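A short write-up of the structure that comes next.
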Amino acid sequence: MPIDKRVASAAEALEGVSDGAVVLCSGFGGAGFANVLIAALCERGTRNLTLVSNSATHRFSFTHQLIEAGLVRRVICSAARGHAAGLSPLEELWKDGKIELTVLPQGSFAESLRAGGAGIPAYYTPAGVGTQLAEGKEIRRFGTRDYLLEEAIIGDLALIRADVADRWGNLSFRHAQANFGPAMATAARLAIAEVRITQDHPIPPTEVQLSGVFVNRVLAVGG
Amino acid sequence: MPIDKRVASAAEALEGVSDGAVVLCSGFGGAGFANVLIAALCERGTRNLTLVSNSATHRFSFTHQLIEAGLVRRVICSAARGHAAGLSPLEELWKDGKIELTVLPQGSFAESLRAGGAGIPAYYTPAGVGTQLAEGKEIRRFGTRDYLLEEAIIGDLALIRADVADRWGNLSFRHAQANFGPAMATAARLAIAEVRITQDHPIPPTEVQLSGVFVNRVLAVGG
Amino acid sequence: MHPLNRLQMAWRAAQDIEDGMVVNLGIGMPVACGDYIRPGLEVVIQAENGVIGAGKLADQAHADSDLVDAGSRRITLAPGATIIDSTASFAMIRGGHIDATILGAFEVAANGDLANWDMRIPNKGPLVGGAMDLAACARQVWIIMEFNTRKGAPRLREACLLPLTAPGCVRRIFTDLAVVHVTAQGFLVTELLPGLSPEDLQARADAKLHFAPDCRPLTTPALALPE
Amino acid sequence: MHPLNRLQMAWRAAQDIEDGMVVNLGIGMPVACGDYIRPGLEVVIQAENGVIGAGKLADQAHADSDLVDAGSRRITLAPGATIIDSTASFAMIRGGHIDATILGAFEVAANGDLANWDMRIPNKGPLVGGAMDLAACARQVWIIMEFNTRKGAPRLREACLLPLTAPGCVRRIFTDLAVVHVTAQGFLVTELLPGLSPEDLQARADAKLHFAPDCRPLTTPALALPE
């Protein structure tokens, strides 16, 4: 049968996603948020999620809807601060002990996802050494410098945004849309991309930015 | 001054390379060997080299010339076997204790180069656990599985082959020409690419496969 | 008794490839599997040098020394293909994104240990290549090899004599005499060459062979080796 | 005494950027440095989200929400630019391929310790972003910040009071009152605002300030802040 990873609806895309899932959501600075899929996940009401998103309450991302709907029990991110002067819903829930929060340097956040997808359980990095974020983590010297052991992040589900997908699940991205998407797709058991358009014919080999081997389902959402 | 990484000759490309250098040479299966630069390094007579090359005596690569000329004291590779039934010059030198040999699984060879370029001093991998190549290396359990600690490889010099370079040192590759080239360029203090053509105008942003940030000099060699 | 030739062994292994699988094929017999995938299936063939979606061999007119597979063979791209660098290719392999790798081997042990990288020929340099990454990390490891060495020594053993590639990784073995699965109980023969008795096969192995209750005859089409 | 305004501080920092450098500019004052790079220089501006070769801000007609920098500003690409993903971007940062990063800060210590990520506002969530990677791994870390807080507290200190971003990383500090280098001996003032005495400046710091023998007046063009 021809490989065909296209699905007809966001509901179909999310089929099989269970309570307690670790959900990886891409996006940075307004680019690359899979907001159609995130909204559908919210509507689905899947609970007890671990949300892995660089900026957990970015104003352009619907991840804050998941948080406000009480579906998230843990957040892994590099930025957990709301944009307003007051506390964001995430900060309120965190203050009240209702949400667990893990903050990583952004480079370690990205690298731990890449490690998760690349079969590397842990790696050493200089980022965070000598800071509060090193607390409880192993420090080890290589050569003349100290490094921190960081472990891989693996997700049950990745929700990423791309520009074009072909039936093989190959993806191309517009401009800075890729950001955490490729690493998240490789690190998730089920990787779903929402895209502007899907096509029957292949994306030319040199224009593919993420191989369909890493992508399980693609949904055309326009826009 | 406009950034311009183009050099006029292989001799100019290799300016400043010293005896004892760790030299990273790309190439796999006939694609991506920087043979013009390797021949020039051989002619230069730079001695006491550590040669880091996936297949150290590949018949399409001039790395064997470096070995035969007695310029190499150590080889790091994943394949050290000659193609002929008899012993290759590398094997003869190794047998006689005149060349030091380190063999890594190809995935660890690639990942250690990537780590070298990415500021990661060491990482854990499942490849090689339970084999002779794990001897003397740290084994550590994460979850339910044992992993091997592998350290980064950093080079003084990378000699890689690409298709097109622009004046910024941005590179594009033909087909499977990239192989170890991008990782090697990132892992070397001085990264030199030989290319089919160089151009004054930029390679379009989406066609750049290795950013010029990682490339110090480019040499047009045609072919 | 007509033992399978090398192409027939590749054909038999290829019959087990399922629709939609991502498959890595080793140098030698395994790459021939690409020619025998069941009609109507679409499979992604990964080559360790970064070709994701390797196609048929290139004909003379289209052969390109920059478009090669792990065995340096000049190939074409299948529809939907892309090419990544070696680091990304092994990230894909190590990360468990390969459904099955089909490799050659010298020996396989009853616990699934694989020895396929070093024959211990005096003074020959080591050649490990991508075998350890593939064996340790692909979701399934399948082996194509003759049941015995040219000198008649068993390749299916209680324990490997040659240096290991990876411990406990092999799931299926396609040989010239039988198809053997590696199970928690050890070797399980699921197909046996017509004309060969279970006792005959056992005599050629260095480990206990179990025979599946529904053990079938191992049959393949006639496939002539190239001259 | 006319302390530098934010644009003038960015201008002064930008004058230290050398030809051909790869520079990462932090959110806030640092990104303004991009507008003041000395004429005739070509510099590569790296944004942590993967834009390698960030250009000017996009005008209304060309603004694209997919083409943004680390501060979510809609930008253009400079000639020779490319875009990589976040993992590759931080591999570039962590690997020491950034010649200089220019960041904002709350405090810098005499040993180069940097505190720029957590102001300890009660219950506000942590916001570390890419600062720790940049501070720990760029070849040079330059800081733009006011010499004192709005309440007049010193930002140049014997030891940081706020949580560290990275220890011992800062090399140069561009403030509204002075340019200060961090040396093995501690803070070294290389430029001082006209009308301000060394004693005045010392009184505003919490650490010993050394003054370079060739300490020059800190002067900049008039640059009006936008309304």
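Note that the structure is a prediction, hence the values are computed from the model and not measured.
- Between D19(D) and R38(D) no salt bridge is recorded (no basic side-chain N to carboxylate O distance below 4.0 Å).
- Checking side-chain atoms of N5(D) against main-chain N and O of A224(D) turns up no donor-acceptor pair under 3.5 Å.
- Options A118(B), G116(B), A152(B) differ in how many heavy-atom pairs under 4.5 Å they form with chain D, and the most are formed by A118(B).
- The shortest side-chain heavy-atom distance between T46(B) and L14(B) does not fall under the 4.5 Å cut-off.
- Using a 4.5 Å heavy-atom cut-off against chain D, the contacting residues of residues 158-191 of chain B are R167(B), W168(B), N170(B), T186(B).
- The choice from A88(D), A91(D), C137(D), G40(D) that makes the most heavy-atom pairs within less than 4.5 Å of chain B is A91(D).
- Note that the CG atom of L157(B) and the CG atom of L49(B) stand 8.5 Å from one another [nearest 0.5 Å].
- Chosen from V43(D), I52(D), T82(D), the residue pairing most often with chain B at heavy-atom distances under 4.5 Å is T82(D).
- In this structure, H58(B) and F60(B) have tilted ring planes: the angle between them lies in the 30° to 60° band.
- Comment: R217(B) does not engage E15(B) in a salt bridge, judged by the lack of any side-chain N to carboxylate O separation of less than 4.0 angstrom.
- One finds no salt bridge joining R120(D) and D118(D) here, because no Lys/Arg side-chain nitrogen approaches an Asp/Glu carboxylate oxygen to under 4.0 Å.
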